[in-house]
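Within every chain, numbering begins at 1; the chains are lettered A, B, ... in the order of the sequence lines, protein sequences first and strands thereafter. Just so you know, these numbers use all the heavy atoms, side chains as well, and skip hydrogens, waters and symmetry mates.
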2 protein chains.
Amino acid sequence: MTVIFSKKCEYGMQAILYLAAREKGNLVSSDEISKVLKIPREFISKILQSLRESGLIISNKGKSGGFGLAKDPSRIKLIDVVAAIDGLDIFDSCVLGFPECSPTHPCPVHETWGTLRTQAYDMLNSETVDKLKDKTLNKISSL
Amino acid sequence: MTVIFSKKCEYGMQAILYLAAREKGNLVSSDEISKVLKIPREFISKILQSLRESGLIISNKGKSGGFGLAKDPSRIKLIDVVAAIDGLDIFDSCVLGFPECSPTHPCPVHETWGTLRTQAYDMLNSETVDKLKDKTLNKISSL
DNA sequence: TTATAATCGGATTATTTTATCCGATAAAAA
DNA sequence: TTTTTATCGGATAAAATAATCCGATTATAA
Ligand code: SF4
Ligand code: SF4
């Protein structure tokens, strides 16, 4: 069950958090990511490929190959993953499903939802993934 | 594109808002609801059937039949529709897709998301649909 | 050089969600 | 009583999302 983002996007965020938490110079195989995060191997593999195309991560083929962040974790935020996979449309979209959000024709929950949308965006945009390392490791340890 | 709730749930909320906003007395046909809200006729029809099974609305077959609220709009909230269609699980669920939310193993956005979840719930639980009548009519006029 | 271990990438399958079709049924009006 | 206009409800279709398969490619290490 998904709350806001697609499974692809959820898994993508988890993987980025893991790559950031695992620091080190060497790369992480999709197999390891799959096992640690309990995500189907072939599925996370495809997601990692698409994040690579988006330039968020890099990869090497061959023995001792794998995936790694494309830049320093202090320069990556969770919102970057959302932008790359699901896109940012939901942060302009209507929680009641009305086709568009116009201030002159606000829906019944206009003000409240507008604020919540912004807060959700800020939540993913305010901290870089390096800051989330400890919590990530703690969370992963319980999977 | 949906933000949090399924299309069924979004359409269901819209339909309940419309039934509440439309004057009482006579019933509203699924055809009218479909046209006003621009929802596929057969689809909203099915959704209305399920809301009827849930006891939120009533219906009459035959000529001059249709759907109406099962109780006074001052006793119905949007959260009732969510509970009937999508269920309330999302309000306990993880925005990053981790399998469970435990305070001892909080995810990297634990506090923020916990607060947002609660606010989203409150948004749908705080006002009864009769209070939303004016805004509903205004919104619908722009569809 | 050869065996091994990893990603790549295109095709395919499975599942869930969204939407539609249509015959049966019921009630009101003609 | 007959016709008209609704919902009911079960089956099905279409679309989107989630997951998998597998051969090809590439890099490392023995
Ligand atoms: S503010 Fe209201 S109209 Fe605008 S997108 Fe949100 S719920 Fe819809
Ligand atoms: S608080 Fe954190 S761990 Fe708990 S459900 Fe929300 S995102 Fe997941």
message: Between B:K63 and A:K63, which residue's closest nucleotide on DNA chain D lies nearer the 5′ terminus?
response: B:K63
field: Nearest-nucleotide 5' precedence on DNA chain D, A:N60 against B:G62
entry: B:G62
task: Sequence neighbours left out, what passes ring-ring contact (aromatic ring centres under 6.0 Å, His included) with A:Y18? Give chain and number order.
output: none
message: Going by ring-ring contact (aromatic ring centres under 6.0 Å, His included), name the residues that satisfy it together with A:F91, two or more places apart in sequence or in a different chain.
response: A:Y121
query: Which of residues 84-100 of chain A have a heavy atom under 4.0 Å from DNA chain D?
result: none
statement: Per the under-4.0 Å heavy-atom filter, residues of residues 28-39 of chain A near DNA chain D come out as none
query: Excluding sequence neighbours, so at least two apart, what forms side-chain contact (heavy atoms from CB on, under 4.5 Å) with A:S64?
result: none
field: B:R75: partners by side-chain contact (heavy atoms from CB on, under 4.5 Å), with sequence neighbours left out
entry: B:K71
task: Would you check if the side chain of A:W113 reaches a backbone N or O of A:S93 as a donor-acceptor pair within less than 3.5 Å?
output: yes
message: I want to confirm an ordering. Mapping A:K46 and A:G65 to their closest nucleotides on DNA chain C, which one lands closer to the 5' end?
response: A:G65
Cationic N near anionic O, under 4.0 Å, B:K7 to B:E10: yes
field: B:E111/A:K135 salt bridge by N-O under 4.0 Å criterion
entry: yes
For residues 79-86 of chain A, dump all side-chain donor-acceptor pairs below 3.5 Å to protein atoms at least two apart in sequence or in another chain.
residue: A:D80; atom: OD2; partner: A:K77; partner atom: N; Å: 2.8
residue: A:D86; atom: OD1; partner: A:S6; partner atom: OG; Å: 2.7
residue: A:D86; atom: OD2; partner: A:S6; partner atom: N; Å: 2.8
residue: A:D86; atom: OD2; partner: A:S6; partner atom: OG; Å: 3.4

query: For DNA chain C, which nucleotides open and close the run of contacts to chain B, 5' to 3', at under 4.0 angstrom from a non-hydrogen atom?
result: C:dT18 to C:dA29
field: Heavy-atom closest contact (B:T118 atom, B:G114 atom, distance)
entry: OG1-O, 3.0 Å
Return the value, rounded to whole Å, for the distance between atom [atom1] of [X] and atom [atom2] of [N].
X	N	atom1	atom2	answer
B:I44	D:dA6	CD1	C1'	16 Å
A:F43	D:dC21	CZ	P	14 Å
B:E42	D:dA6	CD	P	14 Å
A:M1	D:dT17	CE	P	17 Å
A:I47	D:dT20	CD1	P	11 Å
A:Q49	D:dT26	CD	P	14 Å

query: So, A:S29 versus A:D31: side-chain donor-acceptor pair below 3.5 Å or not?
result: no
task: Sort out for me which residue in B:V109, B:V95, B:L96 forms a side-chain contact (heavy atoms from CB on, under 4.5 Å) with A:M13.
output: B:L96
task: Taking side chain to side chain donor-acceptor pair (under 3.5 Å) as the test, write out the residues that go with A:S126, two or more places apart.
output: none
task: Note the angle between the end axes of the helix from C:dT1-D:dA30 to C:dA30-D:dT1, five pairs defining each, rounded to 10 degrees.
output: 0°
- request: Would you mind listing the cluster partners of A:I58? Hydrophobic ones only (ILVMFWY), side-chain contacts under 4.5 Å, chaining allowed.
  value: A:L27
field: Contact under 4.0 Å: B:R52 side-chain N or O vs D:dC8 OP1/OP2
entry: yes
query: Can you pull the ring pair (Phe, Tyr, Trp, His ring centres under 6.0 Å) pairs that have at least one residue in residues 32-80 of chain A, sequence neighbours excluded?
result: A:Y11-A:F43
